[in-house]
Amino acid sequence: MWEQLKIIFADIKIQHTVFALPFAVMSAFLAAEGMPTWEQLLWILLCMFGARNAAMAFNRIVDARLDAKNPRTEHRALPAGKVGMGQYGVFLLVSSAVFIFAAGMLNRLALWLSPVALAIVFFYSITKRFTPYSHVFLGFALSVAPVGAWVAIREEISFTSLVLGAAVVFWLTGFDIIYACMDVEADRKNRLHSIPARFGVGPGLWLARAAHAMMVIFLLGLMWLSPLLGVTYLVGVLAVAGLLIYEHSLVREDDLTRVNIAFFNVNGLISLTLMTLVIVDCMWV
């Protein structure tokens, strides 16, 4: 059983939690106007762990047939026969239960909204079948993290959390477009939709740049909404803008060999840098 669990965790790339988790943490600090309680942080972390695992398990299950047809994904656990569909199904159910339980330990609104959050993160996995804008749906799914963290602390959905969520939407949209450039031929062959498959890699990269520019605008807007954010946060936003420029310098229409560096390394650094500087500003107030 433990061996199968290790395979599943490797298959869903548990390390990619670094994308959404920092935005949940920074939202929690902003909502608490300083340091949340350790108990709140623990339940938020458990919510993130359960929700992401459930979302990725659902994705692997519904995409197993399609993954088998793509050279980049044919070695994933289900198409390669490393684990069974039933085992993945149990993992999905347990992860969903963990998320709902942790949400219930935070407050009543978090519990009531937990099935809605799961529906949102599950829905992304089927959008590639009918719209080239699945990247936006992925961004929307991950924007649940900062909005949900605000709910966890204040038991409300605020405009501030929605602005931070909008920044996440455009951030994810941009770098998922970049990542989708590697699958253009497979997507077209299997009648799947993405912006690069629909419009081409070159136009797709320009749309990714536009999305990331919008992210920076929303991050700057967040500074005007929260009195907690000052010079340190502004330095963080400028650092994020610089990292985004570097990310796009790694990828060209005729050279996609460094997409993985742009996807994981740079974006992981972006989320961790911004989280750290938001926490610094919040703790200085």
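Since this is a predicted model, take the numbers as computed values, not measurements.
- In the hydrophobic clustering of this structure, Leu277 does not group with Leu220; members are Ile, Leu, Val, Met, Phe, Trp, Tyr whose side-chain heavy atoms approach within less than 4.5 Å, directly or through other members.
- Under the 30°/60° scheme for interplanar angles, the aromatic rings of Phe9 and Phe91 are found to stand perpendicular.
- Residues Phe23 and Leu21 share a hydrophobic cluster, clusters being chains of Ile/Leu/Val/Met/Phe/Trp/Tyr side chains in contact below 4.5 Å.
- One finds the CZ atom of Phe140 at 12.0 Å from the CG atom of Leu138 (value rounded to the nearest 0.5 Å).
- Within the 4.5 Å cutoff, the side chain of Phe99 has no heavy atoms near those of the Met48 side chain.
- Residues Leu92 and Ala54 come closest through the heavy atom pair CD1-O, 3.2 Å.
- Taking the side chain as every heavy atom from C-beta outward, Pro22 and Leu274 never approach each other to under 4.5 Å.
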**OP:** Check step by step if side chain to side chain contact (heavy atoms under 4.5 Å, CB included) holds for Ile44 and Val25.
**Re:** CA-CA 8 Å; Ile44 289 171; Val25 173; 5.7 Å; no

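- Looking only at side-chain heavy atoms (C-beta outward), Arg60 and Met85 stay at 4.5 Å or farther from each other.
- Note that CZ of Arg209 is 11.0 Å distant from CD of Glu247, once rounded to the nearest 0.5 Å.
- Summarising the geometry of Pro196 relative to Val184, their closest heavy-atom pair is CB-CG2, 3.6 Å, with the distance given to 0.1 Å.
- Between the side chain of Ser226 and the backbone N or O of Leu222, no donor-acceptor pair lies under 3.5 Å.
- When all heavy atoms of Ala24 and Ala149 are compared, the closest pair comes out as O-CB, 3.1 Å.
- The environment of CZ in Phe58 is crowded: more than 12 heavy-atom neighbours from other residues, nucleotides or ligands sit within 6.0 Å.
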**OP:** Please step through side chain to side chain contact (heavy atoms under 4.5 Å, CB included) for the pair Val151 and Glu156, ending with a clear verdict.
**Re:** CA-CA 5 Å; Val151 170; Glu156 66 177 15; over 6 Å; no

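- Among all heavy-atom pairs drawn from Ser114 and Ala103, the shortest one is CB-CB, 3.9 Å.
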**OP:** Kindly indicate, with the supporting measurements, whether the criterion side chain to side chain contact (heavy atoms under 4.5 Å, CB included) is fulfilled by His193 and Thr131.
**Re:** CA-CA 6 Å; His193 303 277; Thr131 175; 5.6 Å; no

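- A donor-acceptor pair is defined here as one N or O able to donate and one able to accept, closer than 3.5 Å; no such pair exists between the side chain of Arg252 and the backbone of His248.
- Side chain of Asn107 to backbone of Ala152: a donor-acceptor contact under 3.5 angstrom is found.
- The backbone N or O of Asp67 sits less than 3.5 Å from a side-chain atom of Thr73, completing a donor-acceptor pair.
- Side-chain contact between Thr232 and Met283: absent, with no pair of heavy atoms (C-beta onward) separated by less than 4.5 Å.
- Side-chain atoms of Thr273 never come within 3.5 Å of backbone atoms of Ile270 as a donor-acceptor pair (strictly under, hydrogens ignored).
- For the pair Lys128/Asp63, no side-chain contact is recorded, criterion being any heavy-atom separation below 4.5 Å from C-beta on.
- Exactly one of Leu207, Val169, Leu172, Ile177 qualifies for a side chain to side chain contact (heavy atoms under 4.5 Å, CB included) with His135. That residue is Ile177.
- The structure places CG of Leu225 at 11.5 Å from CE of Met223, a figure rounded to the nearest 0.5 Å.
- Between Ala167 and Leu219, the shortest heavy-atom contact is CB-CD2, 3.8 Å.
- Using a 4.5 Å heavy-atom threshold, the side chains of Asn267 and Tyr179 count as separate.
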Subject >> Check against side chain to side chain contact (heavy atoms under 4.5 Å, CB included), Leu113 and Ile157 >> reply: CA-CA 11 Å; Leu113 291 178; Ile157 297 175; 4.2 Å; yes

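- The hydrophobic cluster containing Leu41 also contains Leu164, counting ILVMFWY residues as joined when their side-chain heavy atoms lie under 4.5 angstrom apart, directly or transitively.
- Side-chain N or O atoms of Arg52 include one that pairs as donor or acceptor with a backbone N or O of Ile12 at under 3.5 Å.
- Summarising the geometry of Gly84 relative to Gln87, their closest heavy-atom pair is N-OE1, 2.7 Å, with the distance given to 0.1 Å.
- Hydrophobic clustering, with ILVMFWY side chains joined whenever heavy atoms are under 4.5 angstrom apart, keeps Phe122 apart from Val144.
- The backbone N or O of Ala55 lies less than 3.5 Å from no partner atom in the side chain of Asn59, so there is not a single donor-acceptor pair.
- Using modelled atom types and a 3.5 Å distance limit, the side chains of Asp11 and Tyr88 yield a donor-acceptor pair.
- The closest side-chain heavy-atom distance from Val251 to Arg258 is not below 4.5 Å.
- By the 30° and 60° cut-offs, the orientation of the rings of Phe137 relative to Phe130 is perpendicular.
- Between the CZ atom in Phe101 and the SG atom in Cys47 there is a gap of 10.5 Å [rounded to 0.5 Å].
- Note that NZ of Lys69 is 8.5 Å distant from CG of Leu192, once rounded to the nearest 0.5 Å.
- With Lys82 contributing its side chain and His75 its backbone, the two residues share a donor-acceptor pair below 3.5 Å.
- Between Arg72 and Glu185 there is no salt bridge, since no side-chain N of the basic residue sits under 4.0 Å from a carboxylate O of the acidic one.
- Annotation: the span from Ile153 atom CD1 to Ser161 atom OG amounts to 12.0 Å, rounded to 0.5 Å.
- Under a hydrophobic clustering in which Ile, Leu, Val, Met, Phe, Trp and Tyr are joined whenever their side-chain heavy atoms come within less than 4.5 Å, directly or via other members, Ile217 and Met215 fall into the same cluster.
- Ser27 and Trp150 are not linked by any side-chain donor-acceptor pair at a separation below 3.5 angstrom, with hydrogens and angles left out of the test.
- In this structure the side chain of Ile279 reaches within 4.5 angstrom of the side chain of Phe29, judged on heavy atoms.
- The main-chain N or O of Pro132 is never found under 3.5 Å from a side-chain atom of Arg198 such that the two would form a donor-acceptor pair.
- Ring orientation note: the planes of Phe170 and Phe218 are close to parallel, at an angle under 30° on the 30°/60° scale.
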